[in-house]
Student: 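Take this structure, written in C-alpha cells, and hold onto it; I'll ask about it next.
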Protein chains: 2
Amino acid sequence: MAHLHPHPHSRERDPECLHCQALDRAREAGLRRTRALEEVLRLLISASQPLTLANITEAQVLADKADRATIYRLLTKLERLGIIRRLGLHDRSAYYVYHVPGEHNDYLICTQCGQIRRLDLDCPAEELEKQISKDNGYSCLYHELSFYGVCPVCAAA
Amino acid sequence: MAHLHPHPHSRERDPECLHCQALDRAREAGLRRTRALEEVLRLLISASQPLTLANITEAQVLADKADRATIYRLLTKLERLGIIRRLGLHDRSAYYVYHVPGEHNDYLICTQCGQIRRLDLDCPAEELEKQISKDNGYSCLYHELSFYGVCPVCAAA
DNA sequence: ATACATGCAAACATTTTGCTTTGGC
DNA sequence: GCCAAAGCAAAATGTTTGCATGTAT
C-alpha cells in the first residue's frame, strides 16, 4: 500500500507506481504539474492513515513552502476529481486519503485520544451499495464505515 | 421511531415513552430537570434525521430562549452519557441523534445538496464489532456507516 | 501570452471557554 | 443554601474567499 515514489521529481513513468498513476490522472484532468501537486500526492500515498489539511501543510517537504490556501484548493480539486477522498472522522477537521480505484478502507478511532488505525477487513457494505443505489436512485455511491471505541491505552488511564 | 412525548411538561411517567426513558436516564446520571434538557431530548427523539447544534438552538420551542453555549454543553453531557450520539457527516458541523439502546441507523447523504436520509437496513457491521473489539482490545465499540452519492434531483441538474 | 496556481490577508462558520447569575434540588 | 445549569461575551479552531502576483503550458 504505502508504495513510495521511487523517482522523485523525475518525469519517468512507472506504470506500476501509484504516484505516477495519480499524477497522470491529475494531469489528464487538466491540473498543472506543480510542486504542491507532487508533494500532496506523495504524502497522501505514503501515509498509513488519513491526513488533515494541517498535517499536509506542516509536513517537512512543504513547511514554509506551501500556503494553507493553496493546499486547500488543491485538495478540493483532487477530491472533486475522485483522486483523493475526504473523510468525516468526528474530528473538527477533515481528513484526506488517497483513493486507489476499487479499493476501500475502514477505520477504528479511539474516542478518547483520537488515534486512527486503518482496519483491514472485508467490508460488508460493499454489496449494499448497489442495492441502495438502485433503491434510491443515487449515483456515484461510495461509503464510509468507521468504528469508534476506547483504545486499551485510554481504557487503562 | 418518532415516538412523540404524549404529555409535555408533566411529571407522569409512561415507561413506554422514549422521552420519559431518556429523561429518566439523564436524571439518573445526575442531570437536573431543566427546560433545555426536556426540549433537547424531545427534539432529538421526534426528529427523523440528525440535527445540528444550530438546528436545535433555532427550533421554535427554544429560539431566543436558549443559549448556544447551554445547548452545546448539554449535548456534550448527553453524548458522554451515551444518551445521544454525535455523527460526523462530512458537513462542517456535528450532527446529533437520540440513541435508543440497541438500535442503530445508517445514512445516505447527497454529496451535492447535503440532504440526509435515514436508511432502514440490516447493518452488516453489527457483527464485525465484536470481532474488532476483541482483535484490537477496544471497549465501548460502536460504528457509523454512511453512504455518499448524488441524489436524483442533483443528478438531473 | 494565457490561463491556472500561489501567497497573503481577511472573512466565515462553528465550536469551545470564562465568568457571573439563575434556579433545581 | 449549595451546586449544577444558564446566559452572555469573547476566544479558539478550522475552513473558505478575494485579489494581486508568479509560473506551467
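Bear in mind the structure is a predicted one, so any value in this text is a computation, not a measurement. Every chain is numbered from 1, with letters handed out A, B, ... down the list of sequences.
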Student: Look at the rings of B/His90 and B/Tyr148 and say which category their plane angle falls in: under 30° parallel, 30 to 60° tilted, over 60° perpendicular.
Tutor: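 Correct class here is parallel.
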Student: Can you figure out which of D/dT17, C/dT14, C/dT6 approaches the side chain of B/Arg92 most closely?
Tutor: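 The closest nucleotide is C/dT14.
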Student: In whole angstrom, what separates A/Glu38's CD from C/dA5's P?
Tutor: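 One finds 14 Å between P of C/dA5 and CD of A/Glu38, rounded.
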Student: Does A/Lys77 place a side-chain N or O at less than 4.0 Å from the phosphate oxygens OP1/OP2 of C/dA5?
Tutor: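 Answer is yes, contact under 4.0 Å.
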Student: Output the rounded distance in Å from CG (A/Leu87) to P (D/dT15).
Tutor: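 It is 13 Å, rounded to the nearest whole Å.
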Student: For A/Lys65 and D/dG22, give me the distance from atom NZ to atom C1', rounded to whole Å.
Tutor: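 In whole Å, D/dG22 C1' lies 19 Å from A/Lys65 NZ.
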Student: Looking at A/Leu145, A/Leu87, A/Leu119, which one forms a side chain to side chain contact (heavy atoms under 4.5 Å, CB included) with A/Tyr107?
Tutor: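 Among A/Leu145, A/Leu87, A/Leu119, the one that satisfies the side chain to side chain contact (heavy atoms under 4.5 Å, CB included) with A/Tyr107 is A/Leu87.
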Student: Please report the distance, rounded to the nearest Å, between CG in A/Leu23 and P in D/dT25.
Tutor: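 Nearest whole value for this atom pair: 10 Å.
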Student: Of the listed nucleotides (C/dT15, C/dA5, D/dT16), which one gets closest to any side-chain atom of B/Leu53?
Tutor: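 Of all the options, the side chain of B/Leu53 is nearest to C/dT15.
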Student: Take atom CZ of A/Arg68 and atom C1' of C/dT6, then tell me their distance rounded to the nearest Å.
Tutor: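 Distance check: A/Arg68 CZ to C/dT6 C1' gives 14 Å.
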Student: A/Asn55 has an atom CG; how far is it from atom C1' of D/dG14, in whole Å?
Tutor: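 Answer to the nearest Å: 13 Å.
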Student: If the threshold is 4.0 Å, N to carboxylate O, is there a salt bridge linking B/Glu38 and B/Arg33?
Tutor: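 Salt bridge between B/Glu38 and B/Arg33, a charged N being under 4.0 Å from a carboxylate O: yes.
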Student: Between D/dG7 and B/Arg73, counting only base atoms on the nucleotide and side-chain atoms on the residue, is there a donor-acceptor pair under 3.5 Å?
Tutor: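 Under the 3.5 Å cut-off, the side chain and the base do form a donor-acceptor pair.
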Student: Heavy atoms only, 4.0 Å cut-off, all strands: where does A/Ala66 land among base, sugar-phosphate and nothing?
Tutor: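 If one applies the 4.0 Å heavy-atom cut-off, A/Ala66 turns out to touch the sugar-phosphate alone, with no base involved.
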Student: Among D/dT15, C/dC25, D/dT17, which nucleotide sits nearest the side chain of B/Arg33?
Tutor: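 Closest of the options to the side chain of B/Arg33: C/dC25.
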Student: For the side chain of A/Thr34, counting heavy atoms from C-beta on, which of D/dT15, D/dC3, C/dT6 is nearest?
Tutor: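 The answer is C/dT6.
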Student: May I ask you to evaluate whether B/Tyr72 reaches the phosphate of C/dT16, defined as a side-chain N or O under 4.0 Å from OP1 or OP2?
Tutor: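 Checking B/Tyr72 against C/dT16: at least one side-chain N or O falls below 4.0 Å of OP1 or OP2.
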Student: Check every atom of C/dG24, D/dA24, C/dT15 against the side chain of A/Arg32 and return the nucleotide holding the closest atom.
Tutor: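 Nearest to the side-chain atoms of A/Arg32, counting from C-beta on, is D/dA24.
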Student: When the ring centroid of A/His104 is compared with that of A/His143, is the distance short of 6.0 Å?
Tutor: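 Yes, close enough.
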Student: What is the distance, rounded to the nearest whole Å, between atom CD1 of A/Ile71 and atom P of D/dT15?
Tutor: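 Answer to the nearest Å: 13 Å.
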Student: How is A/Ala94 classified with respect to the nucleic acid when contacts are heavy atoms under 4.0 Å: base, sugar-phosphate, or nothing?
Tutor: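 Result for A/Ala94 = sugar-phosphate.
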Student: Measuring to OP1 and OP2 of D/dA5, would you say a side-chain N or O of B/Thr70 lies under 4.0 angstrom away?
Tutor: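 Result: no.
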Student: I want to check one thing: is the phosphate of D/dT25, taken as OP1 and OP2, less than 4.0 Å away from some side-chain N or O of A/Arg27?
Tutor: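 Indeed, a polar side-chain atom of A/Arg27 lies that close.
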Student: What contact category does A/Leu37 fall into here, base, sugar-phosphate, or nothing, at under 4.0 angstrom with non-hydrogen atoms?
Tutor: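 Contact class for A/Leu37: none.
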Student: Tell me: NE2 of B/His90 to C1' of C/dA13, nearest whole Å?
Tutor: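 My rounded result for the distance is 18 Å.
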Student: Between B/Glu39 and B/Arg42, is there a side-chain N and carboxylate O pair less than 4.0 Å apart?
Tutor: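 So B/Glu39 pairs with B/Arg42 through a salt bridge.
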Student: On DNA chain C, does the nearest nucleotide to B/Thr52 precede the nearest nucleotide to B/Leu31 from the 5' side, or the other way round? Give the residue.
Tutor: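 Closer to the 5' end of DNA chain C: B/Thr52.
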Student: Do you know the tightest heavy-atom contact between A/Arg25 and A/Gly82?
Tutor: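 Smallest interatomic distance, heavy atoms only, reads NH2-O, 3.3 Å.
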